[in-house]
Amino acid sequence: MQHGAGDEGAGDRVQHRAVGTAPRAWDGPVRELGTEEFVVVVADDDPVAAEDDDRVPLAALAGRDWVHYAPGNGLAEVLDRACAEAGFQPRTAVRTEQTAAAPLLAAAGLGPALVPANLIPPGFPGRPLRPDPPVRRLLTAYTRAHPDPLTNAFLACLGEGLRLTGPATPDGA
């Protein structure tokens, strides 16, 4: 989840904005951006990468050490919840605060990582696999104050141009 603040030094006019999963008790405006899809990334030489299928049952990775997220990263909860629904608690090989580092650490062989599919560029050196069951979350933009016209325009552009899926397999399918 990315957090941002409006103009620094603007005093009472500062607007707090965020993109991610809106908090449960959020009292400000929330705009749905779409459904974010996740993939499990492993190294190319990982045994599950050798399978012909582009899907991997999460339960099949129960005994593995995972690339996990730092407790302050909202994706830590996404990984923990997905694994719990698959019947296990992920063991941690390493934690990262930076979401973009997780697929790189997984591609380097530190363990599987659950990452947003849109982080995986074409030609990525690891192997992205679709988790079974699928892992998705509603992505929103939210703000504390009523958005000004510029913020509304930004949200409209964000909603139109946001890519929430990615090349989840080597062929981009």
Side-chain angles (χ1 to χ4, degrees), residues 1-2 18-24 26 30-142 155 158-173:
M1 181 172 0
Q2 297 178 351
V19 174
T21 302
R24 287 185 190 100
W26 194 255
V30 176
R31 180 180 182 136
E32 291 185 9
L33 299 175
T35 301
E36 184 175 42
E37 296 184 22
F38 288 80
V39 294
V40 173
V41 175
V42 296
D44 273 339
D45 62 353
D46 189 286
V48 298
E51 302 290 325
D52 287 335
D53 195 359
D54 72 338
R55 298 190 186 283
V56 61
L58 279 180
L61 302 171
R64 307 285 294 276
D65 292 332
W66 285 74
V67 174
H68 209 313
Y69 299 95
N73 185 313
L75 295 183
E77 293 176 19
V78 173
L79 174 60
D80 288 341
R81 186 175 50 251
C83 292
E85 290 173 3
F88 70 98
Q89 180 177 0
R91 294 188 324 224
T92 301
V94 64
R95 287 190 184 267
T96 179
E97 291 186 15
Q98 301 298 318
T99 302
L104 300 173
L105 294 168
L110 273 70
L114 185 69
V115 303
N118 62 348
L119 283 183
I120 308 302
F124 178 72
R127 175 82 191 272
L129 302 165
R130 298 176 196 275
D132 186 19
V135 178
R136 299 180 178 105
R137 72 175 178 168
L138 179 64
L139 196 61
T140 63
Y142 52 100
L155 293 175
L158 184 63
E160 292 170 9
L162 190 63
R163 183 174 62 101
L164 296 176
T165 60
T169 60
D171 64 0

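Being a predicted model, the structure only gives us computed values, none of them experimental. Counting from 1, the numbers follow the sequence of the chain as shown.
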Checklist line | Sub-4.5 Å side-chain heavy-atom contact between Phe124 and Val41 | finding: yes
Check: Would you call Ile120 and Pro103 a side-chain contact if the rule is heavy atoms closer than 4.5 Å?
Finding: yes
Would you give me the side-chain donor-acceptor pairs under 3.5 Å for residues 76-85, sequence neighbours excluded?
| from | atom 1 | to | atom 2 | distance (Å) |
| --- | --- | --- | --- | --- |
| Asp80 | OD1 | His68 | NE2 | 2.7 |

Next item on the list: Determine the minimum heavy-atom distance between Pro112 and Ala106, stating which atoms define it.
Entry: C-CB, 4.3 Å
Notebook entry, point to check: Short question: side chain of Arg91, backbone of Gly63 - any donor-acceptor pair under 3.5 Å?
Noted result: yes
Item checked: pair Val94-Trp66: side-chain heavy atoms closer than 4.5 Å -> no
Notebook entry, point to check: What's the shortest heavy-atom distance between Val39 and Pro131, and which atoms?
Noted result: CA-CD, 3.8 Å
Next item on the list: Would you check if the side chain of Asp54 reaches a backbone N or O of Leu129 as a donor-acceptor pair within less than 3.5 Å?
Entry: no
Margin query: Among residues at least two apart in sequence or on other chains, which ones pass salt bridge (Lys or Arg N to Asp or Glu O under 4.0 Å) with Arg95?
Written below: none
Margin query: According to side-chain contact (heavy atoms from CB on, under 4.5 Å), who are the partners of Ala141, at least two apart in sequence or on a separate chain?
Written below: Val19, Leu33, Leu155
Note to self: In the structure I gave you, are the side-chain heavy atoms of Leu138 and Glu32 within less than 4.5 Å of one another anywhere?
What the structure shows: yes
Check: Who pairs with Asp53 by salt bridge (Lys or Arg N to Asp or Glu O under 4.0 Å), at least two apart in sequence or on another chain?
Finding: none
Notebook entry, point to check: Just wondering, do Pro116 and Leu75 contact through their side chains at under 4.5 Å, heavy atoms?
Noted result: yes
Checklist line | Spatial distance of atom CG (Leu119) from atom OG1 (Thr99) [nearest 0.5 Å] | finding: 7.0 Å
Note to self: The criterion is side chain to side chain donor-acceptor pair (under 3.5 Å); which residues satisfy it with Arg64, sequence neighbours excluded?
What the structure shows: Asp46
Checklist line | Main-chain N/O of Ala43 paired with Arg127 side-chain donor or acceptor, under 3.5 Å | finding: no
Item checked: Evaluation steps, side chain to side chain contact (heavy atoms under 4.5 Å, CB included), between Leu61 and Val40 -> CA-CA 10 Å; Leu61 302 171; Val40 173; 3.8 Å; yes
Item checked: side-chain contact (heavy atoms from CB on, under 4.5 Å) partners of Asp132, counting only residues at least two apart -> Pro134
Next item on the list: Compare every heavy atom of Phe38 with every heavy atom of Leu114, then report the nearest pair and how far apart it is.
Entry: CD1-CB, 3.8 Å
Notebook entry, point to check: Do any N or O atoms from the side chain of Thr96 and from the backbone of Gln98 form a donor-acceptor pair under 3.5 angstrom?
Noted result: yes
Margin query: Any non-hydrogen side-chain atom of Val56 less than 4.5 Å from a side-chain atom of Arg130?
Written below: no
Note to self: Please determine whether side chain to side chain contact (heavy atoms under 4.5 Å, CB included) holds for the pair Val135 and Leu58, giving the CA-CA distance in whole Å, both sets of side-chain angles, and the decisive distance to 0.1 Å.
What the structure shows: CA-CA 10 Å; Val135 178; Leu58 279 180; 4.1 Å; yes
